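If you're wondering where the values come from, they're calculated on a predicted model, not measured in any experiment. Values below: every heavy atom of this structure, side chains too, minus hydrogens, waters and symmetry copies.
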Amino acid sequence: MAVPATTTTTCHLVALPYPGRGHINPMLNLCNLISLSRPSDLLITVVVTEEWLGLIGSDPNPNPTNIRFATIPNVIPSELNRGSDFAGFFRSTLTNLEDPVEKLLRRMEIPATVIVYDTYLMWISDLGKRLKIPVASFFTMSATVFSMCYQSDLILRNGHTGDDYLSGKDEEVIDYIPGVPPLRVADLVTCFNGKGKEVFQEALKAILMADKAQFLLFVSVYELEDKVIDALKSELSVPVYAIGPSIPYYKLRNDENTPVGKSDKTSRGYGNDENTPDYLEWLDRQPEGSVLYISQGSFLSVSDA
C-alpha cells in the first residue's frame, strides 16, 4: 500500500516484525494504535518480505492511511513450509534479513525516526546504532514468558530444565522467579523443552539483548502482570512498557450507556452481527465471575491470527 511522503511528516516509524503471523499481527495492531494516537504528522512503514506482502494483501486491509508497507526480497525460506525446518527458518531470520533491511533503510526518502522491531530479530539493535536510529524491542508474548527466559540461568541452577526434566521433576514447583507466580516445571515455556530447545541459545540471546534497545514493549496489560513487570523494571536498564492486548479492540464501538451483561451484541456497542468477532460472542456466554485462561502465559494465543 503506497503512502506518499508529505511535508507535514515529522516522525517516521519503521516496524520490523518477525516473519510469522503470530508476530506480524501484533505488530500491525501496535502500528494501528500508534497511528490512531498521532495521525497528522506520523508515517509508519511496515517492512515485510515480498511473500508476506502477498499473504497480507489477501486479507481485508483496514489500516489507516498513514501506514504503508515496504518489501525486501524473499531471502528466507517460504512461509508455506517453514514448519518442516523450524530451527533453520529461525536461524535464517538472524543471518539473511539484516543486509536487505539495511539497504532499504538507507534508501528511504524520509529517514526513519525510530525502529520498532520484534525482539527475536536481535541484530536490529546493532543496526540501529550503525544508522544512529533509536530502536524499541517489541516482545509479542507476555512479560511472564520474557521473564522465564531472561531468568533461565536461575532456572538451570535449580535443576529445573534439561533433557531429564520430565523424569520426576515435571510437578516440582518453581517459585523463585522474581514477580512470577509459582508454576510447575511442566508449565515452562517451550524454549525449555520440545522443538523450542532447537533454538534455545539463539532465543535466549535475543531475550538478553532486549535491554540494548532504547525501549522494551510488551503485549501485556500492566494490571494483569504488575508484579513481573515491576520486577523487570528494577532488573533492566531500559524503560519497560505494557502496550495492552494484541487484538484490534480499537475497532469496536464503545457505548457507555449499555448495561454490562446484556446479550444483544449490537446494543453492547460491538457493531452489527456480521462484524462482531466470534470471541466476543463466547465472552458474552461466560458466567459472571469466570476467569479467562490464556494458554502458556502468552498473549499470542489471543491475537487475531
Any donor-acceptor N/O pair, Glu225 side chain to Ala143 backbone, under 3.5 Å: yes

Shortest non-hydrogen separation from Tyr176 to Leu154 and the atoms involved: O-CD2, 3.4 Å

Ile24 backbone acceptor or donor facing Trp52 side chain under 3.5 Å: no

Euclidean distance, Leu16 CG relative to Met27 CE, rounded to 0.5 Å: 7.0 Å

Ser92 (side chain) donor-acceptor with Phe89 (main chain) under 3.5 angstrom: yes

Euclidean distance, Leu28 CG relative to Ile56 CD1, rounded to 0.5 Å: 5.5 Å

Donor on one side chain, acceptor on other, Glu50 and Thr71, under 3.5 Å: no

CD-CG distance between Glu51 and Leu80, expressed to the nearest 0.5 angstrom: 5.0 Å

Polar side-chain atom of Asp211 near backbone of Ser237 as donor-acceptor pair, under 3.5 Å: no

Salt bridge Lys227-Asp230, side-chain N to carboxylate O under 4.0 Å: no

Heavy-atom donor-acceptor pair, His160 side chain to Ile155 backbone, under 3.5 Å: no

Atom pair CG (Asn66) and CD1 (Ile34), whose distance is rounded to the nearest 0.5 Å: 10.5 Å

Under 3.5 Å, sequence neighbours excluded: what are the donor-acceptor pairs made by side chains of residues 127-135?
{"unit_1": "Arg130", "atom_1": "NH1", "unit_2": "Glu98", "atom_2": "OE2", "d": "3.3"}
{"unit_1": "Arg130", "atom_1": "NH2", "unit_2": "Glu98", "atom_2": "OE2", "d": "3.0"}
{"unit_1": "Arg130", "atom_1": "NH2", "unit_2": "Glu102", "atom_2": "OE1", "d": "2.7"}

Among Leu13, Ile124, Ile44, Val46, side chain to side chain contact (heavy atoms under 4.5 Å, CB included) partner for Val116: Leu13

Pair His12-Thr113, side-chain donor/acceptor within less than 3.5 Å: no

Side-chain touch Phe138/Val219, heavy atoms, less than 4.5 angstrom: yes

Shared hydrophobic cluster for Leu156 and Val173 (ILVMFWY, side-chain gaps under 4.5 Å): no

Side-chain donor-acceptor contact under 3.5 Å, Ser220 with Ser142: no

Glu202 side chain vs Arg91 backbone, donor-acceptor pair below 3.5 Å: no

Ring geometry between Phe90 and Tyr18 (parallel below 30°, tilted from 30 to 60°, perpendicular above 60°): tilted

Heavy atoms from other residues, nucleotides or ligands near NZ of Lys233 exceed 12 (cutoff 6.0 Å): yes

Heavy-atom pair with the smallest gap, counting every atom of Ala210 and Ser137: CB-OG, 3.9 Å

Counterpart residues, ring pair (Phe, Tyr, Trp, His ring centres under 6.0 Å), relative to Tyr222 (two or more places apart): none

Close side-chain approach of Ile177 and Tyr150, heavy atoms under 4.5 Å: no

Gly88 backbone acceptor or donor facing Asp85 side chain under 3.5 Å: yes

Derivation of the ring pair (Phe, Tyr, Trp, His ring centres under 6.0 Å) call for Phe218 and Tyr241: CA-CA 6 Å; Phe218 288 116; Tyr241 299 96; over 10 Å; no

Shortest non-hydrogen contact from Gly244 toward Val221: CA-CG2, 4.3 Å

Backbone N/O of Ile76 and side chain of Asn96: donor-acceptor pair under 3.5 Å: no

